[in-house]
There are 2 protein chains.
Amino acid sequence: MASKRVTSFDVADLAGVSQSTVSRAFTPEAKVSKKTRQKVFAAATKLGYQPDAIARSLSTRHTNIIGIVMAHITSPFYPYVLDKFTQRLQEMGRQILLFNAAAGQDVDDILPLVLQYRVDGLIITSATISSEMADVLARDGTPVILFNRYVLGANCSAVCCDNVDGARKIADFLLDNGHKRPAYIAGDANTSTNIDREKGFGDRLRERGIIQWYHEQGEYTYQSGYDATLRLMQLAKPPDAIFCANDVMALGALDAARHALGLRVPEDLSIIGFDDIPAASWPSYMLTTIRQPVTRMIDATLDLLLERLDNPKVEPALKLIPGPLIQRNSTRVAETQT
Amino acid sequence: MASKRVTSFDVADLAGVSQSTVSRAFTPEAKVSKKTRQKVFAAATKLGYQPDAIARSLSTRHTNIIGIVMAHITSPFYPYVLDKFTQRLQEMGRQILLFNAAAGQDVDDILPLVLQYRVDGLIITSATISSEMADVLARDGTPVILFNRYVLGANCSAVCCDNVDGARKIADFLLDNGHKRPAYIAGDANTSTNIDREKGFGDRLRERGIIQWYHEQGEYTYQSGYDATLRLMQLAKPPDAIFCANDVMALGALDAARHALGLRVPEDLSIIGFDDIPAASWPSYMLTTIRQPVTRMIDATLDLLLERLDNPKVEPALKLIPGPLIQRNSTRVAETQT
DNA sequence: TTGAAAGCGATACCAT
DNA sequence: ATGGTATCGCTTTCAA
């Protein structure tokens, strides 16, 4: 049987002070004499008292909770993101209410639920919201930061890896190393991430005189990268380099090339990814890729969030953080290069 | 400026009913006439009203929130666990408060924080609590279920893969296929998971007449599996089979064997893991392993949780769920076998 | 079926 | 520095 909960009144009685004093004793910056605070704490520990965060939230009108909405939790890049976010947030003494945006589920639909819990702020990862919803949030003063997605013209901040820039670097790298027939395996078509990577890659290719290249549709999964590669390589004039919109697809591509097709990578085919997940550096793969600067992205997101937390009126900002190209052994290097 | 929050009073005014009625209208099982409920809903949507979960929690004395404490979030097996837990819990209309138990951090220390938020129940994954803490939780009626860990004699339920059984299967499989010098690469020494896998393996080996085998310390990470394998294979009489306490270490072991040592797997060395993470089935690895029956484990955990949720007095239970051996190509097969 | 009023457990303002 | 009291936004008796 749930024994009746210990409240600040019980502590007050035992300590011989008023309930207000108990409350103050648990507020670090409140004016309470050292002696009384000690008395209160003594009584509190004796009773096993802990202030009730729910009651506190009701009266302070903030919960100290940050909502994190996340899609693709199992996609190799995101556990790291979640890990870092929760760590940092916990260090700041904040709680995390986690929402898993199931595949195909509209984030707009789950947001009302999140808001019922009066989260102080919201981080949305690898998913987007409509600009209508962004407006709703802006109206009631709940800061939202998009992580790795952005919505143009919407009333909310976003932090992304500079995907256009990264993809351009990839185009340059491939061309500089003598590749002639590049291909692109896309991620989910309507994600800003994919759009930007595709655009950066394509733009740069065009600027350097390549006017056509293969395009296969993937969906950010290992299997989709694997399958797309099979389709690509049975073309009459197969590509000599494949840029996959993320690392997991690139791993799938590599395995398809080597194990299903019997090709040598990088001698017969170069493969390049995007993210730099741990497996990218494993000897079986040694994948050339663009590293997403996760830590810096997290920092930027949290900065933006904190800023809006104490001033909800600051203008939404979009921060693009460039990532370096990590050269490993999945890409052929031109002889002229060292 | 955060416009004043819409409350049930505002809705009541607009709908021309009392505030209590608004409250009832939002309680599915409450007795409210169809007409008034419609009036209320109309007014609510017009004002953009959503009941405040915090205020509701304060008065109902339950939050509808389940706390999930999780360590090793980035370890390849756990994102799937988290994904499934959150999905299932959300389907049940519950929220998730997530706590990341940082490496080396004592769960007992963060639990008070979790409890301040009055979570209705608690799932602790890949981490443990002291039996004192379990008693505290039992006293205030908060159900806790340990996932993939257990504490003997503690006042709390647990769900685990049957690690002893799985490890015994591995010993049998290795011996049946003619291996003579097995080795074990351990996970974190004081986790029940590692203890049981080590015990099951060792016991079975002994039962079948093997009285000694190599033991290397790992820590459940790719790198530790890689390094331990290097140490193992430079022994005078190196093992002919390595059982790694989890899959990631086994992948490290495989890469070390093939790429650093130039060995053939499984011809020169068999490697076997535990978990069956996605990468285990990738062509580059094709790892033989024990599959953790994640879905069944999650189901069992949730069943236990729900059961205790509406009757906190039910006795703590320990559920052990066996996992099948998945045979792939990282293990040598005896000629006599087909 | 509906309304009035008493909690839920804190915070914060106003006195003292 | 401390105590008294209104308040946060709901749920839940108790009457009507």
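What you see is a predicted model; the values in this text were computed from it and never measured. Note that these values count all heavy atoms, side chains included, but never hydrogens, waters or copies made by symmetry. Proteins get letters first, then strands, A, B, ... in listed order; numbering begins at 1 in each.
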For B:L146, the option from B:T125, B:T128, B:L122 that meets side-chain contact (heavy atoms from CB on, under 4.5 Å): B:T128
d(B:L89 CG, B:L305 CG) to nearest 0.5 Å is 7.0 Å
Look at all strands and tell whether B:S20 reaches a base, only sugar-phosphate, or nothing, counting heavy atoms closer than 4.0 Å. base
Step by step, work out the side-chain hydrogen bond (donor to acceptor under 3.5 Å, both in side chains) result for B:D108 and B:S130. CA-CA 7 Å; B:D108 275 29; B:S130 63; 2.4 Å; yes
First encountered from the 5' end of DNA chain C, between B:R24 and A:F26: B:R24
Near DNA chain D, under 4.0 Å by heavy atom, which residues of residues 50-66 of chain A? A:L58, A:S59, A:R61
With a 4.0 Å cut-off on heavy atoms, is B:V17 in touch with a base, just the backbone sugar-phosphate, or nothing at all? sugar-phosphate
Bounded by its outermost nucleotides with an atom under 4.0 Å from a heavy atom of chain A, the footprint on DNA chain D reads D:dA1 to D:dG9
Looking at OH of B:Y150 and SG of B:C156, how far apart are the two atoms once the value is rounded to the nearest 0.5 Å? 12.5 Å
Mark yes or no for whether A:N100, through its side chain, and B:D83, through its backbone, hold a donor-acceptor pair below 3.5 Å. yes
Once you round to the nearest 0.5 Å, how far does CD1 of A:I123 lie from CG of A:L302? 5.5 Å
Starting from P on C:dA10, measure out to CD on A:Q19 and report it in whole angstrom. 7 Å
Can you work out whether A:V32 or A:F9 has the more 5'-proximal nearest nucleotide on DNA chain D? A:V32
From OH (B:Y78) to CE (B:M70), nearest 0.5 Å: 7.0 Å
Salt-bridge test for B:R5 and B:D10: reply yes if a basic N is under 4.0 Å from a carboxylate O, no otherwise. no
Could you tell me how far apart A:K31 (NZ) and C:dC14 (P) are, to the nearest whole angstrom? 16 Å
Base, sugar-phosphate, or nothing for B:R37, non-hydrogen atoms under 4.0 angstrom? nothing
Do the side-chain N or O atoms of A:S8 get closer than 4.0 angstrom to the phosphate oxygens (OP1, OP2) of C:dA10? yes
Reckon A:Y49 touches a base, only the sugar-phosphate, or nothing at all at heavy-atom distances under 4.0 Å? sugar-phosphate
Solution key, residues 26-33 of chain B side-chain donor-acceptor pairs under 3.5 Å, sequence neighbours excluded:
unit_1, atom_1, unit_2, atom_2, d
B:T27, OG1, B:S23, O, 3.0
B:S33, OG, B:T36, N, 3.2
B:S33, OG, B:T36, OG1, 2.6

